[in-house]
Amino acid sequence: EWLWAALQTLVDVRGEATFLTAPLRLPDDESFPDRWTPDAAGVARLAKRLVGYANLGHLEVDVEVFSEPTQVREVGLDGRASSTSHAGAAAWFAGIRNGVCLFGAEADQLDDALGLVGAMAHEVAHAFRRSHRLEHRDRDIEEKLTDVTTIYLGFGVLTTAASARFITKHHDNLGSSYALKKQGYLAPYEMAFTLASQLSLRGYDSSTAKSITKHLSANQTATVRAALRETTPAQIANGI
């Protein structure tokens, strides 16, 4: 109910058209045709494309890559600068100044392309919320609402896919190791459930849903399918 209420707020304020008809952006060459390079220019191209997908194309983009982003200068909603820690984050939104969206990225995480796409989708959703004055004063709540906003904007496959992944690392002749990498502020099942609500309301058939969920991990895919089975468009519409 909380997730549906968060979607309801977005639909009330920004309309249902984006939620129901905006293209779903997938981690493929069609959504991201630009050549990826793990540097500031590559992140800027990615950010600019996502900003355009969020209908913020009137804003320019500026990206700075940090090696040790412990304290970063940000521009708040009131236009004042502040310093905030982003240690461990792949990317972050640092405000809008004079028509320019300011983003930062962690240099050590630029090799994780899918993780960075998911992180930047979240940060562009922050820019969307800042631009339309949707931000919640409580930072923790705002982060969760921003995750929901990624789904509203059509970025849900990207952020759900990045929310929990098993990462394989190869160590020369020593074999491989596996680690679970989590990203975002909502739990992976919450992201998958909310994405399923969007797919259901769009009336996608099982074949279309399958083509979308193939970009998700097994757990997220199972959650989407269960949510599609156990909810109806009417039930979701009433909740929203």
Side-chain angles (χ1 to χ4, degrees), residues 25 27 31-32 34-151 153 155-156 158-163 165 167 181-186 191:
R25 306 302 174 178
S31 292
F32 300 97
D34 305 309
R35 185 174 69 89
W36 166 246
T37 56
D39 52 28
V43 179
R45 286 191 293 270
L46 170 63
K48 184 65 176 177
R49 185 164 292 278
L50 286 168
V51 164
Y53 288 159
N55 294 316
L56 298 175
H58 58 286
L59 297 173
E60 295 298 321
V61 166
D62 182 67
V63 172
E64 189 170 357
V65 173
F66 294 85
S67 297
E68 298 180 358
T70 54
Q71 293 291 327
V72 178
R73 300 290 288 177
E74 294 187 352
V75 180
L77 186 60
D78 58 3
R80 297 180 179 179
S82 62
S83 183
T84 304
S85 175
H86 291 281
W92 54 89
F93 170 62
I96 300 174
R97 180 190 295 131
N98 299 325
V100 180
C101 283
L102 307 175
F103 297 103
E106 165 59 63
D108 290 342
Q109 300 195 46
L110 296 185
D111 289 333
D112 179 9
L114 178 58
L116 184 63
V117 169
M120 190 55 70
H122 177 91
E123 302 314 319
V124 169
H126 269 305
F128 177 87
R129 294 180 62 81
R130 171 70 57 84
S131 181
H132 296 298
R133 297 187 174 275
L134 293 166
E135 290 172 304
H136 196 285
R137 291 185 178 277
D138 185 299
R139 192 177 185 94
D140 291 336
I141 294 175
E142 174 59 18
E143 293 291 0
K144 293 179 179 180
L145 292 173
T146 301
D147 271 348
V148 174
T149 302
T150 67
I151 293 171
L153 291 171
F155 301 163
L158 306 175
T159 50
T160 301
S163 64
R165 297 171 292 144
I167 305 296
K181 183 172 184 178
K182 293 187 176 181
Q183 192 169 304
Y185 296 85
L186 291 176
M191 293 295 294

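As the structure is a prediction and not an experimental result, all values here were calculated from the model.
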When rounded to the nearest 0.5 Å, the distance separating OG1 of Thr149 from CD of Glu135 is 10.0 Å

Which distance, rounded to the nearest 0.5 Å, do you find between the SG of Cys101 and the CZ of Arg130? 9.5 Å

Can you check whether Phe155's main-chain N or O pairs, donor with acceptor, with Arg25's side chain at less than 3.5 Å? no

Would you say the side-chain atoms of His136 pair up with the backbone N or O of Asp138, donor to acceptor, closer than 3.5 Å? yes

Parallel, tilted or perpendicular for His126 and Phe93, by the 30°/60° rule? parallel

dist Arg49:CZ -> Met120:CE (nearest 0.5 Å) comes out at 14.0 Å

To the nearest 0.5 Å, atom CG of Leu158 lies from atom CG of Leu116 at 11.5 Å

Over all atoms of both residues, closest heavy-atom pair of Val124 and Ala54: CG1-CB, 3.9 Å

Taking everything shown except Lys144 itself, do over 12 heavy atoms lie less than 6.0 Å from its NZ? no

Quick check for you: to the nearest 0.5 Å, what is the distance between Leu46 atom CG and Asp34 atom CG? 8.5 Å

Contact summary for His122 and Thr159, nearest pair of heavy atoms: N-CG2, 4.3 Å

Spacing of Glu142 atom CD and Thr146 atom OG1 [to the nearest 0.5 Å]: 4.0 Å

Do you know the tightest heavy-atom contact between Val61 and Ala47? CG1-CB, 3.8 Å

Spell out, as yes or no, whether a donor-acceptor pair under 3.5 Å connects the side chain of Ser131 to the backbone of Phe128. no

Minimum heavy-atom separation for Pro38 to Asp111, with atom names? CB-OD1, 3.9 Å

Within the side chain of Gln183, is there an N or O that forms a donor-acceptor pair under 3.5 Å with the backbone of Gly115? yes

Return yes if some donor-acceptor pair links the side-chain N/O of Arg45 with the main-chain N/O of Arg35 below 3.5 Å, else return no. yes

Give the C-alpha distance, both sets of side-chain angles, the deciding distance and a yes or no for side-chain contact (heavy atoms from CB on, under 4.5 Å) between Phe103 and Leu50. CA-CA 12 Å; Phe103 297 103; Leu50 286 168; over 6 Å; no

